[in-house]
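Values below: every heavy atom of this structure, side chains too, minus hydrogens, waters and symmetry copies. We name chains A, B, ... by the order of the sequence lines, and we start the count at 1 in each one.
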Protein chains: 2
Amino acid sequence: MDVSGRTYPQLALDLQLCFPLYAATRAVTKRYVTLLKGTGLTYPQYLVMLVLWESEEPRSVTSLGHRLRLDSGTLTPLLKRLETAGLVRRDRDPGDERRVLVSLTGDGRALEEQVSGVPQQLGTSMGITRDEALALRDQLTDLVDHLDTAESS
Amino acid sequence: MDVSGRTYPQLALDLQLCFPLYAATRAVTKRYVTLLKGTGLTYPQYLVMLVLWESEEPRSVTSLGHRLRLDSGTLTPLLKRLETAGLVRRDRDPGDERRVLVSLTGDGRALEEQVSGVPQQLGTSMGITRDEALALRDQLTDLVDHLDTAESS
DNA sequence: CACAACTATATTGTGCACAACTCAATAGCG
DNA sequence: CGCTATTGAGTTGTGCACAATATAGTTGTG
């Protein structure tokens with residue numbers, strides 16, 4: 001890698017780490033488009049569905065946001081699209097009318113079986129073993145934790 | 001981690017790897033907003049500037065796109081904003097009128113010095129050593145390469 | 001009870017990403 | 001030379017992300 005001519009060689013590092021991270025996310029998202037074709041889900045919608053499938057109970061918008069680190073500005077329109085698609089219902093919590101509870105419809109629940117092969121297919125596409133995936137997960141999780149604490153300083 | 005109750009436990013893995021990757025990219029992007037405040041650059045704009053700073057010659061839109069894996073639909077409006085900000089110029093290549101050559105202005109070149117501390121600050125925020133960063137970079141690069149070849153199949 | 005502080009969601013505006021498409025310019029070929 | 005195929009950039013439309021703001025509902029306090 002040629003960095004010899006740069007006035008500020010340290011800037012090359014940003015292209016070397018931050019760019020691959022950025023590119024990897026877009027590559028994964030792109031792969032999901034193919035894998036999720038037929039379900040009509042986008043990648044962020046799939047992540048929301050994963051959280052709902054893992055929950056026994058309906059979840060509020062804020063609760064989904066905490067799990068996925070997304071705010072209402074992103075989730076509200078996304079959830080409306082899932083509602084239009086007939087995969088979720090959105091009902092005001094009778095006990096606290098500020099809250100909107102998101103619950104799965106029959107179709108939404110049924111979709112889980114249809115995508116059950118996706119993680120396996122993606123694992124193959126990424127060309128890494130389960131152990132490598134778990135190690136990578138840990139590094140990325142650490143990174144997010146560090147950035148979260150750094151942001152508040 | 002409780003996955004015992006799931007009908008399809010393999011779906012938990014997508015939340016365990018793909019979600020951290022997705023969250024890490026957004027956390028890094030968010031950190032850059034703070035670090036780049038004052039320059040007026042967004043994270044994708046900063047990446048474009050990094051490529052221009054590392055180039056001796058003006059680059060075409062396609063050439064920038066290959067380096068950053070972005071298409072003209074993303075780059076054209078982004079480059080127009082950089083042009084409006086006075087950081088780059090966009091001129092048709094006299095030798096091939098289809099091509100638009102992107103070159104740095106004096107202001108654009110001067111900005112390099114102003115952001116030269118950013119990689120160091122980000123490294124601190126991420127809480128990883130240079131060696132860890134390079135190892136992570138290699139894993140992510142491998143991942144992108146695998147996904148690229150998988151996509152075409 | 002009145003009312004200020006707080007909470008949960010929704011809305012608005014900006015900026016990516018990317019697929020699909022258009023259009024102008026160029027290259028290649030008979 | 002004339003015609004077709006290709007290439008490079010731009011446009012359009014959809015769907016995130018997220019900051020900033022608005023609004024309705026709730027809670028705590030005097």
Side-chain angles (χ1 to χ4, degrees), chain A residues 19 21-34 36-37 39-49 58-66 68-85 88 90-102 151, chain B residues 19 22-34 36-37 39-49 58-66 68-85 88 90-102 147 151:
Chain A
F19 169 65
L21 176 63
Y22 165 73
T25 297
R26 285 185 293 125
V28 167
T29 302
K30 228 164 179 172
R31 187 76 186 110
Y32 271 110
V33 171
T34 306
L36 294 173
K37 188 158 289 181
T39 68
L41 292 175
T42 64
Y43 178 49
Q45 288 170 11
Y46 169 70
L47 290 175
V48 168
M49 293 301 288
R59 300 186 68 138
S60 72
V61 174
T62 302
S63 157
L64 286 170
H66 283 157
L68 297 171
R69 295 164 180 270
L70 293 171
D71 70 4
S72 67
T74 301
L75 285 172
T76 296
L78 189 157
L79 291 169
K80 283 182 177 173
R81 281 186 284 272
L82 288 178
E83 188 179 34
T84 302
V88 306
R90 303 187 319 126
D91 308 288
R92 288 280 162 187
D93 182 346
D96 183 342
E97 294 279 346
R98 291 169 307 178
R99 289 155 50 89
V100 166
L101 295 177
V102 181
E151 190 64 23
Chain B
F19 169 63
Y22 166 73
T25 297
R26 285 184 296 124
V28 167
T29 302
K30 227 165 178 169
R31 188 77 186 109
Y32 272 108
V33 171
T34 307
L36 295 174
K37 188 159 291 178
T39 68
L41 292 175
T42 65
Y43 179 49
Q45 288 169 12
Y46 170 71
L47 290 175
V48 167
M49 294 301 287
R59 300 187 67 138
S60 71
V61 174
T62 302
S63 157
L64 286 169
H66 283 157
L68 296 171
R69 293 164 181 271
L70 293 171
D71 70 5
S72 67
T74 301
L75 285 173
T76 296
L78 189 157
L79 291 169
K80 282 183 178 174
R81 282 186 285 272
L82 289 179
E83 187 179 36
T84 302
V88 306
R90 304 187 316 126
D91 309 288
R92 288 279 163 188
D93 183 345
D96 182 344
E97 294 279 348
R98 291 171 304 181
R99 289 154 51 87
V100 167
L101 295 177
V102 181
L147 286 168
E151 189 65 24

* How is Leu78(A) classified with respect to the nucleic acid when contacts are heavy atoms under 4.0 Å: base, sugar-phosphate, or nothing? -> sugar-phosphate
* Select base, sugar-phosphate, or nothing to describe what Thr29(B) touches, counting heavy atoms under 4.0 Å on all strands. => nothing
Applying the 3.5 Å cut-off to both distances, the Watson-Crick or G-U partner of dA2(C) turns out to be dT29(D)
Students should find that the nucleotides of DNA chain C closing off the region near chain A, any atom under 4.0 angstrom from a heavy atom, are dT7(C) to dA19(C)
Would you say a side-chain N or O of Lys80(B) is under 4.0 Å from OP1 or OP2 of dT11(D)? yes
request  = Kindly say whether Glu97(B) contributes a backbone atom to a donor-acceptor pair with the side chain of Arg92(B) at under 3.5 angstrom?
outcome  = yes
Side-chain N,O (Arg99(B)) to OP1/OP2 (dT7(D)) below 4.0 Å:
no
Could you tell me whether a side-chain N or O of Ser63(A) sits under 3.5 Å from a main-chain N or O of Arg59(A), the two making a donor and an acceptor? no
So does Gly73(A) get a backbone contact from the side chain of Thr76(A), meaning a donor-acceptor N/O pair under 3.5 Å? no
Taking the side chain as every heavy atom from C-beta outward, state whether Val48(B) and Leu82(B) have any pair of such atoms under 4.5 Å apart.
yes
When rounded to whole Å, the CD to C1' distance for the pair Glu97(A) and dT23(D) reads 14 Å
Whole-Å distance, Leu79(B) CG to dG10(D) C1', equals 12 Å
Just call it for Asp71(B): base, sugar-phosphate, or nothing, with non-hydrogen atoms closer than 4.0 Å on any strand.
-> base
- Going by the angle between their ring planes, with limits at 30° and 60°, are Tyr32(B) and Tyr43(B) parallel, tilted or perpendicular? parallel
Does Ser72(B) get its side chain close enough to the base of dG8(D), under 3.5 Å, for a donor-acceptor pair?
no
Between the CG atom in Leu75(A) and the OG1 atom in Thr62(A), the distance rounded to the nearest 0.5 Å is 9.0 Å
inquiry  = So Thr42(A), base contact, sugar-phosphate only, or nothing? Heavy-atom distance under 4.0 Å.
reply    = sugar-phosphate
Of dT7(D), dG10(D), dA19(D), the nucleotide closest to the side chain of Val61(B) is dG10(D)
Comparing Arg81(A) with Val33(B), nearest DNA chain D nucleotide closer to 5' gives the residue Arg81(A)
* Check step by step if side chain to side chain contact (heavy atoms under 4.5 Å, CB included) holds for Arg26(A) and Leu70(B). => CA-CA 10 Å; Arg26(A) 285 185 293 125; Leu70(B) 293 171; 3.1 Å; yes
Would you say a side-chain N or O of Arg92(A) is under 4.0 Å from OP1 or OP2 of dA24(D)?
-> no
Between Thr76(A) and Gly95(B), whichever has its closest DNA chain C nucleotide further toward 5' is Thr76(A)
